[in-house]
Each structure stands twice: as structure tokens, then as C-alpha cells.
Amino acid sequence: MSNFVTVQQGVAGAQASLEEARVRVSEVSINLSEAEKTLKDWRIRHPEYTLEDPEYQIRKEELNEAIAALDKSLAALEKRESYCLQQLRAGASNQRAPKADTPVDISTEDALKRLSMFVSLEDDAASNKKKNVFSAWESMDDIDQPSKVLKIEVKALDGVPDLLYSHEIYKDEASIGLNMPVDELLKIAKRTIILIGVSGCGKTRTCYDYARHHWCLYFDCAKDSDVQAMIGLLKTKNPPIKNDYTQNVFEVYSETMINALIATRLLVLKILRKQSNVDPFGWHCMQRSGRSRLVFEQIFSELISYSGNLVSQIFLRLKSEFDGRVIFDESQQLLDILTADYRSSKSDLQGISRNKLEFPRSLFSFATRHIIKHQLKSIWCGTHMRIRNVDLIYSAAGKKPTDVHIFTNFSYLKPAVILKLCSKWIRKDIIDSHETLFLEISNFLQGRPRFFTSFLHELLNTSDVREAFQSYCRLVTTRAGSSAEVESADNKFSLYDFWAQRISWRIEPIVNENDPFSRRLVSNTLLELCVISLFGNRTRKNIRAEMDLVSTCLVMVHLERDEWQAFMTEPMVLGAGMNFLADQHPHALLEHFASSFFAPVEAPAMSPAERGHHMELIIAIRFLQGWWLEAGLKELLPKWVHKLEIPRPVGFMDCRFKSGDVNIFLRQLQEPDFPWVICPPSNAGPDLRYSVFSCHVKTTSTPRSKSSIFVTATQCKKNIATMDPDNWYKCQDDVRKKCLLAVKKNKSRFVHMRFELPDSAPSLKEGFKSGAVGDDYVICVNLESEFAKLFFGTRFVAAYKEF
């Protein structure tokens, strides 16, 4: 025993020496970084010196001397570290005084038996064991619905409504013929699948649906306690002194941890399949139970007390019996953990210098490499799983593998589908009494499924559907729901906040960093997509993979024949963007637009059509800002408009592409207090409508003569024609008659805003005057008008004239 104590004391001394060495290495690294920064700062302060100047050479020599001294210190410390490690290894076996209940030499069979004892599927009075494996269903509570609006049963997990486990919803969606992402996912045979999609598009839901059909190991990398336990251990074992030996020890240890994590789930699944009639989705629900996850953590903790060789044997045996998939949800969490502490998979990129890896990789890269190496079928996804993460998985595999599938085809709920689901899940009498309202709801909530399901949550506690809808829209698309305005833990999905946070982001590529053409402002790209969708032809925009717009949570992406495409067609996203832009200072915003709007008429600047679309966006934003409430502009309106006290609109609604939007246009005519600015279908007549205002916009940037630019007489006449309600929906006579009836019934009066920019046709200039026309009022706007200067701002108008 005295020898054991002596060894213990020697090892303790070695450990103390090693810790001291580690601290010194850390100080050396800091000093080196400071020396390099000093030289860099000196170069910035003295740009007049070139690399060949004597003064610069003196500074560089001083730095080189400092580096040489630090390298010498580092070499001595590494030598001392090597000696300390030898002492530790020599005494390690004698130092360990194992506990009686920790197996040192145990067979694989015995280890599996010991681990199986942690699992209890039912209460056993004889052994005094309590059931400890539960389904998430057993942890869910029924939600009381005082409003009784919904027909479906809604349960809560940890007090939060959760529809992911509902068999009823899954069957109803199939019954209406909805093409579910899982139907396509089930056909994919490739070993590695990566799910890429905007937040709320249904990635987690698709994983849950996949687990209804196949056995899966499901890890939530952000929440599962066994995953968090593994991460905690890896952080403690991360060597502060990095060399080939310590890095190899750490990476072998990391492999053991990952093996233990997966083997734990495989063991419990094996026991369940042997002792019960559990099906794949039942097993999935058990993995999502908080109480079951405690058992996983216990088994994991026991398993990692065994030797790495034994853990590997257990892992390989259980893996050989499993033909399902391993799902890593929220896997982007692994990108932010041990971000530069693993070596590359390529042998020529594994160098270590100055206590740092030369080509570092994150835990995410290491884990994906390990899973691919062991040929486990896997799915990788997460809220912020980005396009560029795909390259990290390719890198982890050592090359671009052919056995990887990138999946982007998630559900886009269209208005017709939302109406069908409403008929399934909401009481019929409520739908019948709010027919036009549900048309509005289905139109505005189209897009990613989360928009619609979150609205259903709003109906749990109220029977006032209109108020629930308007409240939900305010919270998601306006400043009222911004985190700066609402300090609520439940307020986690504000599209308005996403615009506010992302509009100034710069997209930085992970390759070609010195290529100026590969860098673009997110704000420019978001605005471009917004304009294409609202006022253009809604075409998808091809983007480079490094332009990772998925992370904005505002842009949907699709992979088509190895080309990434971005599009922004969701009314909720567009509405939030319009509201955010409208909340900015009018003149500052218009000056921002002017920088791109008035670029030279040369590629890659805007085309004339694109300029026209941007102008429509600007006009729409000014409506959301309530321009008629501004003192200068208010004076240019007739008194009967003042008496109406028209409020600012609640948002913007695009009605050009859906068959049911005729009803929205009619409803706006029928209801003077309709709260939305709408962009009507192209054959309706006006380009923009709100309250009494109808906008008729014509722009051009193409010269009509050598000395002036103007809108042609033909286009001006078309503009004049669209101001007459008798010409609205002229190609749909039944709709035209309904419009005229609504105008007559409400005795409607209009303010027709005739935008002809930069100027009207010379032949029609005499009639281009603002003033009363019958009961209505016409405002004629060109760059020379007083209205234009107040509406767009003098700087914008001046820039337009100069252009």
C-alpha cells in the first residue's frame, strides 16, 4: 500500500507540474497574439510605410525575435509536458483504486446484462423496481378549450400545446390529399440525408412522421440530457496543450463518447422490442419523454465507466442488429461547441503549431465523420441548419460523397389546403358565420405550416376568430410583437424581429473570401426578393451556396439540379418586411432605396421593369406609414378626406396570384374600414388600394426623346382608364357588376393617385392636374409636383431628376 501512496503522490506532483505548464503555454500564446496584433496595428497607424521600408523591417525583426523567444519557451514547456505525461501514464494503473461496483475486466455479455438492469418497463413489487421508461403521451395533459372552437383534441407537453404527436392531424392531412414531405423522404435510400429549410417549415415534424414508419434513434442536440452530458465531458477532456499525442487521446475519447451515446439508445430499444409490442412511433414517443431521457443518461454514465474497447464492442454488436436511422435534430448546436478542437479528416491537414490546430474542425464535423465512417444511416437537421453545413458534412466524409441527399421539399400550405384543414379542425357553424374572414385567413397564413398551427393555438382560449387573427398578425408581423416591445417568453417567432435583425447582415462566404463579387448585403438580397414577389413575376432567384439565406428565417430555398434557388412568397413574411420598412424614417428609407434605384442603366443595375416594381414598393411602404396623416401632405387632400380620419393600415396583402382574391378586393370595397393595403390582381384596375385611395402607377427610365424622359401617351391613357370603376375587372363581367354595386351601395368616393414618373406624356400634359373630378378627387404626381417632393422627399426627387 505504501508503494501505491508513493505513486499517488508522484502522479499528483506530475499533475500539478502539468497544470502549471498548461498555464504557461496559455500565457505564451496570449503574448504571441498580442505581438502579432501590435505589428498589425502599427501598419494601420503608419500606412505610409511599405513592406520594404527600413522602419517596417525593424518592427518586423522585433516581432520575429519575440516569436523566436516564445517558440523556445513553448518547446521547453512541451518537453516538460511530455515528461509529466510519462509520469502520469506510468503511475496511472497503480493510482487507480477501483470501486467494488465498477467492472475492470468484464465480458460484453456481462456488461449488457448490467446495463439492462437500469431499464424497468413496469412496476415490480418483488424487486422493488419502479417503471422508468415512459412515452411522451404519458407526460402529456389534455388542454381545456373554453372557446370550444377546435374540433380536434389538443394536448400539452410541459404545459405547451404540441400537435407533433397527434395521429388525428396526421390522418386528416392525408385524407385531403396533402402531399407530405415524409412521403418523398421515405423513398430516399441514400445513407445520409440533410434537411435544409426555413424555421417553421416542418423539419422536426417530418422527422416525427418518418419515425412513424421506421425505427429511429432521435437525438435533440439542444435538449436531451444524455447529449448534454456527453458535451460536458468532452469539454472537460479537451486538452489545453495540443500536440499529436494529446489530440489523438482526445479524439479517441470523443469516439468512445459518441459510441456510448448511440449504444445506450440501441440497448433500450432492444429491450423494448424483446419485452413489449412497441411500434416505431411508440419507441419514438418514449425517446421524447423527459422521464425516459433520465434513464438514457443513467445508462450512458454507466457505460462510459467501461474501457473504450468494451464500449466499442457493445456499440458494434448493437449496431449490427439495427437497420433504422439515427436522427440528429438541432444538430447545428454541435457547430458552436468545441468549434476548433478537432482535426480535419484529411491527413495532410492535421498539423498542429503554437498549440493550435492548423485546420481545425468542430464537434459537428467530427460527429458526422464518425457516423459516416460507421455506415450508420442518418438524418441531420435543425432550426439553423444552413446550406454551408452541407459542405462540412462533405468534408467530414473526406470528399463529396454520392451517398448524401439534400432534402428541401417541405410543405407550402396554399389557401385551398388551409380552408380544407379548417373544415376538418374548426366547428362548421363558426366557419359558416365567418366565410369571408376565413378566406382572408387562408390567404394571409399560406406558407410554412407553423403560421397556421400557431394560429390554431390562438383559438384555444377565445371564440372571437377575428380578434384572434388580428392579434396573431400584430404579434408576428408588427412592432407590437417585437421582443423590444413584448417581454414574453412565449414570443419567440416574430417575423418583424427577423427583418430588424437580418436587414443589416452581410453574407460572408466560407470560400473565396477575397472575392469582392461574392459578398452581398443581406438587406439588398431580402429587398430584391421582396420586390420580385410583391410586384414582379415571383420567379425564384438563383443564389450561390455560400449566400446562406436560410439563416435569415425569411427566405425559403430549394435545390434544383445542384443549383440553390431562393424565394420569398409568404404573405406573413412580406407583410412583416413591409411593416418594418414602414417604421423606418421615411426620408432615410427612401435615400437607402435611391442608392440602388438610380444606379446607371447598365448591367447589373435594375432593368426598367425592376425600377417600376421598386417604385410600387416605395409607394406601398408610404401607405403603411400613413402619409395622409403628415402635415404637409394632409393640406393637399380635400376636406372630406380629413373628416374620415383614416387610420394607418395593419399591413399589406398581395392579392394578385390567388383565385379567391377577387373576394378580398370586393370586401375592401364593401367595408370602408378594411384594415389592409392590397395589391389587386392585374386585371382589377388599380395598382394599389387602401380605404378611399386608389393608386395608378406608370414609370419609365427609357428616353422618349433626346432631351426628356416621359411615360408614353398610350400608357397614360391606360392609367386614366383604370381610375373608372366601370373598367375594373372588365374581363370578368360578373365581378365588374359586383364592384359597381358595392360602389353604388356605399356611395363610395375615391382619391385616385395618378403616378406618372418621371413625367406624363407631353401631349396629355394639359390635363395632368390635381383636383376634384365629380365626387372624386385626382392627385397627379410627376417629379415637378409639390406632392412628389413631400411624398418621396426632396433628396429622392433630386436624385431621380439627376438620374
Side-chain angles (χ1 to χ4, degrees), residues 7-8 10-33 70-93 95-96 227-261 300-301 303-309 311-312 333-370 373 392 395-396:
V7 170
Q8 272 192 320
V11 169
Q15 286 177 324
S17 298
L18 182 55
E19 188 60 35
E20 183 183 341
R22 287 171 175 168
V23 171
R24 179 59 184 146
V25 167
S26 177
E27 292 173 353
V28 167
S29 298
I30 292 171
N31 291 339
L32 182 57
S33 297
L70 292 170
D71 281 343
K72 185 176 180 180
S73 298
L74 185 60
L77 289 169
E78 287 178 343
K79 185 175 180 180
R80 183 179 179 186
E81 173 213 3
S82 178
Y83 170 74
C84 293
L85 286 172
Q86 287 177 6
Q87 278 195 291
L88 288 172
R89 285 196 298 271
S93 58
Q95 182 210 20
R96 190 184 297 119
V227 178
Q228 295 305 310
M230 179 191 76
I231 290 171
L233 288 167
L234 292 177
K235 286 180 177 179
T236 62
K237 296 293 184 179
N238 182 25
I241 298 177
K242 295 191 181 296
N243 55 38
D244 288 337
Y245 172 77
T246 59
Q247 191 62 28
N248 187 60
V249 169
F250 177 59
E251 291 180 3
V252 169
Y253 178 79
S254 298
E255 289 180 345
T256 300
M257 292 296 102
I258 297 172
N259 288 345
L261 185 74
F300 173 77
S301 298
L303 185 52
I304 60 174
S305 70
Y306 302 166
S307 69
N309 184 50
V311 172
S312 178
Q333 296 284 333
L334 304 181
L335 283 164
D336 300 323
I337 297 164
L338 301 170
T339 54
D341 294 290
Y342 291 93
R343 291 176 292 190
S344 168
S345 59
K346 298 178 181 178
S347 58
D348 59 333
L349 300 178
Q350 295 183 349
I352 303 174
S353 64
R354 296 178 186 169
N355 201 40
K356 292 182 180 179
L357 304 181
E358 293 178 355
F359 299 93
R361 299 293 186 266
S362 67
L363 176 58
F364 176 85
S365 294
F366 184 83
T368 52
R369 181 171 77 216
H370 188 70
K373 181 178 74 174
L392 296 178
S395 174

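Counting heavy atoms from C-beta outward, K235 and N238 have side chains that stay 4.5 Å or more apart.
Q247 is linked by a side-chain hydrogen bond (donor to acceptor under 3.5 Å, both in side chains) to E251, counting only residues two or more places apart in sequence or in another chain. Considering only residues two or more places apart in sequence or on other chains, S254 meets the side-chain hydrogen bond (donor to acceptor under 3.5 Å, both in side chains) condition with Y342. Legend: residues meeting salt bridge (charged side-chain N to carboxylate O under 4.0 Å, His left out) with K373, ordered by chain and number and at least two apart, are E255. Contacts of L349 classified as side chain to side chain contact (heavy atoms under 4.5 Å, CB included), with partners at least two apart in sequence or in another chain: S344, K346, F359, R361. Looking at residues two or more places apart in sequence or on another chain, you find no side chain to side chain contact (heavy atoms under 4.5 Å, CB included) involving D336.
Looking at N355, its side chain does come within 3.5 Å of a backbone N or O of P240 through a donor-acceptor pair. Panel note: side chain T256, backbone G308; no donor-acceptor pair is recorded below 3.5 Å.
The distance from atom CD1 of I352 to atom CZ of R343, rounded to the nearest 0.5 Å, is 5.5 Å. Put simply, CD on E358 and NZ on K356 are 12.0 Å apart, with the number rounded to the nearest 0.5 Å.
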(message) Run N259 and H370 through side chain to side chain contact (heavy atoms under 4.5 Å, CB included) and show every step you take.
(response) CA-CA 9 Å; N259 288 345; H370 188 70; 2.7 Å; yes

(message) If you apply the rule side chain to side chain contact (heavy atoms under 4.5 Å, CB included), what do you find for V311 with L303, and how did you get there?
(response) CA-CA 7 Å; V311 172; L303 185 52; 4.2 Å; yes

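Screening L338, L334, I258, D341 for a side chain to side chain contact (heavy atoms under 4.5 Å, CB included) with F366, the sole residue that qualifies is I258.
Taking each heavy atom of L357 and P360 in turn, the nearest pair found is O-CD, 3.5 Å.
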